[in-house]
Amino acid sequence: MTTRVRVLLCFFIAAALAGPAAAADPPKPDYAVTAVPLSSVNLTGGFWGARQKIDLAVTIRHVMKECEDTNRIRNFELAAAALKGATGGKFATAYAFDDSDVYKVIEAASYALALRPDPALEKDLDAWIAKIAAAMEPDGYIYTARTINPAKPLRMSGPTRWVNEEESHELYCAGHMYEAAVAHFQATGKRNFLALAIKNADFIDKTFGPAKGQLKLVPGHEVIEMGLVKLYRVTGEPRYLALAKFFVDERGDAAGHKLYGTYNQDHLPVVQQTEAVGHAVRAAYLYSGVTDVAALTGDRRYLDAMDKIWDDIVGKKLYLTGGIGAAGGIEGFGPAYDLPNPSGYAETCATIAYALWNWRMFLASGDAKYMDLFERASYNAFLSGYGMSGDAFFYPNPLASHGQHERTPWFTCACCPPNVARFIAELGGFAYGVRGDKVYVNMFNEGTADVDTAAGKVRLAQATAYPWDGNVKITVAPETEATFTLMIRVPGWAQGRPVPSDLYRYAEEAKDKPAVKVNGKTVAFALEKGYAPIARAWKKGDLVEVVLPMPVHRVLANPNVKADAGRAAVERGPLVYCAEGADEGGAVGNLVLDGKAALKAAAKPDLLNGVTVITGEATAYRYKAGQLVSEKKPLTLIPYYAWAHRGKGEMEVWFATEPGTARPVPEPTLASTAKVTCSAGGKGVEAVHDLYDPTGSNDHDRGYLHWWPKKGTTEWVQYDFAAPTALSETSVYWFDDTGEGECRVPASWTALYRDGDKWLPVKSAGPYGTAKDAFNTVKFAPVTATALRLEIKLPDKFSAGIQEWKVK
Ligand SMILES: [Zn+2]
């Protein structure tokens with residue numbers, strides 16, 4: 001491996017010395033398809049144009065303000081002060097990687113500047129960049145978690161530079177800085193930020209590498225690989241590409257460093273990896289960087305590995321929504337087919353990373369299947385994470401909810417909001433591509449694109465109401481008559497296939513086929529890697545009409561996906577649908593989707609900023625006077641991305657198709673009708689009386705109260721009853737995530753009842769149990785009270801939580 005890097009370096013040094021490429025030089029390897037740059041694509045309106053407007057008007061300013069208000073900018077000021085001699089400074093935020101949020105926000109704002117001038121925004125960025133410059137150490141190192149107080153850095157930063165890179169995110173922060181600096185340079189032409197990125201990259205290039213005396217570590221959290229490639233592209237400096245390749249090749253090589261393991265994709269050399277493992281954002285950033293390096297080195301071994309990992313995800317580890325990383329405990333990939341719905345993690349950042357990787361795989365291959373997944377991910381799992389107001393976000397994006405989920409403006413670990421801001425701003429840059437005489441149309445959205453083709457400049461103008469209908473009009477306007485092939489993506493969903501694998505399938509075949517007309521005449525086409533190739537001599541004003549029929553589909557999962565057994569989902573076009581309590585009178589888990597009732601699409605311009613709903617019929621089950629009863633009722637489904645905009649409530653994507661899979665609404669109990677509260681820091685308190693009995697203490701699907709990260713403290717949870725109530729028994733099912741998290745059964749607990757304004761202990765007849773995987777029932781001498789409280793002593797080194805709490 002070392003030799004390979006040296007050979008490559010020699011090649012680049014020779015190439016650099018030779019000056020501008022002579023005609024005889026072989027072409028340098030690169031992506032087969034060249035993306036049409038963001039600045040040439042204008043999403044003037046339509047579905048994504050509207051969201052981009054909100055991003056530019058609200059989201060970018062919102063995340064900038066959060067970076068200021070939460071001390072992320074303050075960290076740079078503190079580091080600058082320390083470099084001027086201030087001592088005893090204290091890092092002002094929670095995580096060592098918080099600098100990266102600032103970089104991602106600058107990247108987002110830079111894409112906004114590439115779309116339209118905004119002198120005030122540009123000035124504010126310059127002020128931030130000056131603060132970043134002042135926080136850089138003289139040798140180019142920048143990482144405020146250490147610089148602020150090198151004698152006492154954050155624990156996760158490690159005592160000295162790089163020694164704890166597995167956790168410190170030093171290289172991760174650098175990678176996001178490069179991406180931001182390149183975006184800023186491309187948007188503004190200014191070198192103020194780019195110069196900082198170059199200084200840092202030169203320093204890292206000296207520090208890491210195959211030569212004697214250089215560190216042979218890899219980033220604990222990938223992203224620098226992509227950043228270095230972007231830096232290489234704008235500077236032409238081959239050392240940056242070589243360093244990206246070094247970080248890729250060094251991964252999984254135990255000769256250089258102590259391997260981090262699967263969580264960081266550092267268990268095997270990249271070219272030997274065949275399965276998606278570990279933390280999903282790390283993984284998909286790595287795969288993106290590897291695909292970049294594969295393109296720029298022409299080394300097929302990397303792409304062979306990427307193909308296998310891609311197949312592993314799309315065949316076994318992908319949510320229907322396009323989300324990845326099902327396992328919350330590691331924010332990453334679980335075992336094959338393990339795709340739980342209520343506890344499904346599908347972090348917003350992981351979806352973005354997955355989309356970015358699929359875009360690169362498209363550029364490498366010209367195959368539409370990658371852009372199909374880009375589309376599925378962006379309309380569903382990604383957009384769910386982005387509230388319509390532009391300033392509220394989800395971190396995980398589950399496919400079912402008991403009503404515990406709600407978007408928030410920011411997170412202590414704030415990776416997702418800035419990532420959303422940059423992805424939306426950059427969207428137009430993923431819409432089109434060029435390869436020789438082929439022009440790829442990947443995204444359907446109102447707007448224009450100015451495309452440089454081998455045959456000259458061409459303007460494409462789209463008019464469409466996509467994704468609400470599948471009719472797309474593309475007006476083609478070459479500067480002069482030009483012969484080229486318009487490659488129009490015919491999505492897999494329009495060919496009767498939701499994903500390019502057997503993980504999901506449509507229950508019924510579609511009757512109508514996709515069609516393309518040019519100037520009113522139907523054109524026959526044979527699909528070429530998922531594209532309808534339309535070749536002709538194009539004249540100004542030629543009109544292409546694409547018709548993608550959008551029937552409503554029931555979707556079935558591969559039988560290996562246990563979570564979806566006896567269930568079906570509903571899709572139309574690229575959109576996954578869901579049922580929400582707001583439309584169904586509260587409960588949705590009790591609905592059985594009628595297999596025969598027609599499902600119809602209906603436009604609702606006034607609902608949820610304008611959506612097309614799907615209506616049909618369901619059977620609702622509930623218990624009444626001890627009997628299971630059912631009734632037929634009308635069903636209204638909304639696009640999954642639009643859920644959780646009308647208050648908290650139940651939501652479901654995978655509907656029961658048989659009564660045994662549904663969860664009948666239980667009869668109200670003393671507990672479920674009581675008001676529940678808990679001591680400060682407790683999260684998910686409503687879950688203790690939702691009447692969902694857990695399958696075990698480590699059940700993440702049914703909702704639970706927990707006090708993590710509190711440890712060793714005494715906490716409480718309390719029921720308040722509407723009237724004085726006779727009580728004589730309480731049962732608690734403890735939450736315990738041994739093996740995944742830091743919650744355990746409590747050290748001890750007691751029950752108290754309220755007498756006037758005093759809390760008195762109940763006279764219990766037996767011990768207060770702390771058994772796992774069972775209700776711990778305590779009978780006590782009857783009392784009549786308006787409130788019952790449990791006092792819970794957390795273990796010294798662990799937190800605790802409650803799955804369900806019953807009273808009698
Ligand atoms: Zn995130």
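Order of listing sets the numbers, starting from 1, for every ligand and every atom in it. Only this structure's heavy atoms are used, side chains among them; waters, hydrogens and symmetry mates stay out.
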| Sequence-distant partners of H257, ring-ring contact (aromatic ring centres under 6.0 Å, His included), two or more places apart |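 If we apply the ring-ring contact (aromatic ring centres under 6.0 Å, His included) test to H257, skipping adjacent residues, the hits are Y260.
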| task | Please check if atom NZ in K65 has more than 12 non-hydrogen atoms from other residues, nucleotides or ligands closer than 6.0 Å. | result |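 For K65, atom NZ is not crowded (no more than 12 foreign heavy atoms under 6.0 Å).
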| task | Answer yes or no on whether R161 is positioned over the face of Y141, meaning its NZ or CZ is under 6.0 Å from the six-membered ring centre and within 45° of the axis. | result | yes
| request: Kindly indicate whether a cation-pi arrangement holds for R51 with F47, taking the cut-offs as under 6.0 Å to the six-membered ring centre and within 45° of the axis. | output: yes
| Which pairs pass salt bridge (Lys or Arg N to Asp or Glu O under 4.0 Å) with one or both residues in residues 403-413, sequence neighbours excluded? |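 Output for this query lists E406-K648.
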| query | With a cut-off of 2.8 Å, which protein N/O/S atoms are close to the Zn ion (ligand 1), if we only count those under it? | reply | E347 OE2, C349 SG, C415 SG, C416 SG
Tabulate below the donor-acceptor pairs under 3.5 Å that side-chain atoms of residues 408-419 make, not counting sequence neighbours, or state none.
residue: T408; atom: OG1; partner: W410; partner atom: O; Å: 3.3
residue: N419; atom: OD1; partner: R422; partner atom: NE; Å: 2.6
residue: N419; atom: OD1; partner: R422; partner atom: NH2; Å: 2.9
residue: N419; atom: ND2; partner: Y285; partner atom: OH; Å: 3.0

